[in-house]
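The figures that follow rest on heavy atoms only: side chains count, while hydrogens, waters and symmetry mates do not. Chain A is the first sequence line, chain B the second, and so forth, proteins listed ahead of strands; every chain is numbered from 1.
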There are 2 protein chains.
Amino acid sequence: MSDVPPKRRKTSARPYHHGDLRRVVLETAAAMVREQKTWQFTLREVARRAGVSHTAPYNHFADKGALLAELAMGGFDALRMALEASRPKRPGAFRDEYFAVARAYVRFGTENPGLYRLMFSQDVGYDVHMSERSVAAFGVMLELLARGQATGAIKKARLRAQAAACWAAVHGITTLCIEGLFEPAIVGKAPVDAALATLFEGLAP
Amino acid sequence: MSDVPPKRRKTSARPYHHGDLRRVVLETAAAMVREQKTWQFTLREVARRAGVSHTAPYNHFADKGALLAELAMGGFDALRMALEASRPKRPGAFRDEYFAVARAYVRFGTENPGLYRLMFSQDVGYDVHMSERSVAAFGVMLELLARGQATGAIKKARLRAQAAACWAAVHGITTLCIEGLFEPAIVGKAPVDAALATLFEGLAP
DNA sequence: ACCTGAACACCGTTCAAGT
DNA sequence: ACCTGAACACCGTTCAAGT
């Protein structure tokens with residue numbers, strides 16, 4: 001009666017061969033990034049938490065870099081979804097839509113500082129940044145500005161350059177917030193909205 | 001005749017007690033950050049390069065973090081000086097001055113990627129970011145915008161918030177450049193100047 | 001006052017061996 | 001096909017000991 005079921009058992013102690021380790025490793029690592037607000041976790045600690053030997057993860061990821069890359073890709077998916085979800089349901093003023101998306105971007109970063117840092121870190125290289133999944137996140141911004149240009153809400157300009165400027169601005173705000181440099185003591189109060197407003201003025205036709 | 005002089009000798013092999021190790025460690029670490037474009041150097045490798053035991057640096061720095069903090073502070077000094085040096089000698093159009101300073105900022109980052117990453121990293125904490133030396137760098141931007149407001153070249157607004165917006169924009173451009181995300185393939189050509197121009201429009205009165 | 005060497009508690013990764 | 005344990009080559013840091 002005390003036979004351990006072959007799979008899936010929250011209370012199962014150690015003695016099973018898992019069957020699902022890849023996902024468990026990924027989720028454990030993600031949880032650690034969330035908790036510690038940094039991606040400097042240890043592969044051995046992940047294995048420890050997952051209850052497997054410290055070499056077991058190597059059956060599912062070539063090395064730590066591969067795990068980091070996978071986490072970063074998931075981050076870009078989550079960012080894209082957060083931006084998409086932020087768009088108002090009913091169409092309204094373009095400025096509101098811009099602010100909603102921009103605030104959602106900054107919010108994603110400040111709520112997931114470790115993950116956001118990882119996504120833009122040098123340690124996840126070129127292939128992550130050029131991946132469909134990360135380009136898709138940038139695509140939300142492209143689409144937003146394209147709509148604004150089409151309705152005349154913002155200046156007509158080369159779309160990619162305009163989107164790059166927006167991206168740089170919200171990215172800069174986000175990273176400064178994350179590193180604690182965008183505090184009232186340094187830059188005055190409500191700096192995020194003020195910066196977003198300045199950016200919006202620059203887009204005006 | 002083959003006596004080793006007590007100090008200062010480029011060719012001196014190992015057998016001396018240095019007398020100047022603190023600066024040598026600092027410079028060696030800085031050189032490694034420059035070469036490797038990252039601040040993930042190893043304290044032991046620094047000591048190796050300096051020709052001392054791997055524990056010798058602990059006589060001059062409490063730990064690796066203290067060395068990183070010192071490097072970062074030096075980086076803020078260098079950034080401030082680069083910005084100050086970029087201002088045109090003879091007074092001209094405010095827009096030119098703005099572009100000169102902004103370009104100098106981005107240039108500093110792209111030419112010193114490892115150092116710039118370190119300066120804004122979480123691993124040099126609050127005390128570095130709140131230090132006089134780093135606040136002084138931000139001061140160059142404050143002063144620039146104050147002058148612009150005074151001459152009516154840009155919109156009158158809360159100075160610190162306006163400077164924060166500028167800082168976020170140039171910081172965002174810089175980090176995206178450093179991580180290789182501001183390449184023509186992704187964001188179109190001449191994205192830096194385009195982004196700086198968009199920012200400038202947002203400052204217009 | 002400064003430097004060294006041994007030592008400790010960790011890492012990431014490889015590899016033969018087990019099931 | 002997946003997992004383990006020993007092993008290797010590293011770290012950062014501490015500390016007694018040397019000069």
Side-chain angles (χ1 to χ4, degrees), chain A residues 3-9 12-29 32-33 36 38-72 114 118 121-125, chain B residues 3-9 12-29 32-33 36 38-72 114 118 121-125:
Chain A
D3 265 347
V4 178
K7 300 187 177 200
R8 244 140 261 184
R9 241 297 193 85
S12 76
R14 288 124 242 161
Y16 65 113
H17 281 347
H18 230 294
D20 203 21
L21 186 55
R22 187 190 158 84
R23 192 176 32 173
V24 170
V25 165
L26 219 35
E27 284 171 5
T28 306
M32 289 177 67
V33 170
Q36 305 176 183
T38 181
W39 49 272
Q40 320 291 327
F41 62 81
T42 249
L43 216 45
R44 285 170 107 113
E45 174 69 18
V46 171
R48 238 172 265 135
R49 282 222 211 181
V52 294
S53 83
H54 63 268
T55 58
Y58 285 91
N59 285 299
H60 303 279
F61 300 95
D63 52 22
K64 194 183 179 184
L67 173 55
L68 289 175
E70 193 77 28
L71 285 172
L118 171 63
S121 136
Q122 55 181 333
D123 297 59
V124 307
Chain B
D3 265 347
V4 178
K7 300 185 175 197
R8 247 144 257 182
R9 239 296 192 85
S12 76
R14 288 123 243 164
Y16 65 115
H17 280 348
H18 231 291
D20 202 22
L21 187 55
R22 187 188 156 83
R23 192 176 33 172
V24 170
V25 165
L26 219 34
E27 284 171 5
T28 306
M32 289 177 67
V33 170
Q36 304 175 186
T38 180
W39 48 272
Q40 320 291 328
F41 61 82
T42 248
L43 216 43
R44 284 171 109 112
E45 174 69 17
V46 171
R48 237 172 266 135
R49 281 222 211 181
V52 293
S53 82
H54 63 269
T55 58
Y58 285 90
N59 286 299
H60 304 279
F61 299 95
D63 52 22
K64 194 183 179 181
L67 174 54
L68 290 175
E70 193 75 28
L71 284 172
L118 172 63
S121 137
Q122 57 182 331
D123 297 60
V124 307

Quick check: closest heavy atoms across [X] and [Y], and the distance to 0.1 Å?
X       : Y      : result
A50(A)  : L21(A) : CB-CD1, 4.5 Å
L71(A)  : L26(A) : CD2-O, 3.8 Å
V124(A) : A72(A) : CG1-CB, 4.0 Å
S53(B)  : A47(B) : O-CB, 3.5 Å

Measure from [atom1] on [X] to [atom2] on [N] and round the result to the nearest Å.
X      : N       : atom1 : atom2 : result
L21(B) : dA1(C)  : CG    : P     : 17 Å
N59(A) : dG5(D)  : CG    : C1'   : 14 Å
R22(B) : dC2(C)  : CZ    : P     : 11 Å
H54(B) : dA7(C)  : NE2   : P     : 12 Å
F61(A) : dT14(C) : CZ    : P     : 16 Å
H60(A) : dT13(C) : NE2   : C1'   : 16 Å
Y58(B) : dG5(C)  : OH    : C1'   : 15 Å

My understanding is that only residues two or more places apart in sequence, or in another chain, count here; which of them pass side chain to side chain contact (heavy atoms under 4.5 Å, CB included) with [X]?
X       : answer
T38(B)  : Q122(A), Q36(B), Q40(B)
D123(A) : W39(A), S121(A)
A69(A)  : V128(A)

Please set out all donor-acceptor pairs under 3.5 angstrom arising from side-chain atoms of residues 60-68 of chain A, sequence neighbours excluded.
unit_1, atom_1, unit_2, atom_2, d
D63(A), OD1, G65(A), N, 3.2
D63(A), OD1, A66(A), N, 3.0
K64(A), NZ, F41(A), O, 2.7

With the side chain defined as heavy atoms from C-beta on, A56(A) is closest, among dT4(D), dC3(C), dG12(C), to dT4(D)
E45(B) meets the side chain to side chain donor-acceptor pair (under 3.5 Å) criterion, sequence neighbours left out, with R48(B)
With sequence neighbours left out, the residues meeting side chain to side chain donor-acceptor pair (under 3.5 Å) with T42(A) are none
Pairs: protein N or O with nucleotides 8-11 of chain D N or O, under 3.5 Å:
unit_1, atom_1, unit_2, atom_2, d
dC11(D), OP2, R48(B), NH2, 2.9
dC11(D), O5', T42(B), OG1, 3.3
dC11(D), O3', T42(B), OG1, 3.3

Residues passing the salt bridge (Lys or Arg N to Asp or Glu O under 4.0 Å) test with R22(B), sequence neighbours excluded, are E70(B)
Output field dot_bracket for DNA chain C (Watson-Crick or G-U, both distances under 3.5 Å, | for other-strand pairs) contains ||.|||||...|||||.||
Report, one pair per line, the protein and nucleotides 15-17 of chain C atoms (nitrogen or oxygen only) whose separation is under 3.5 Å.
none

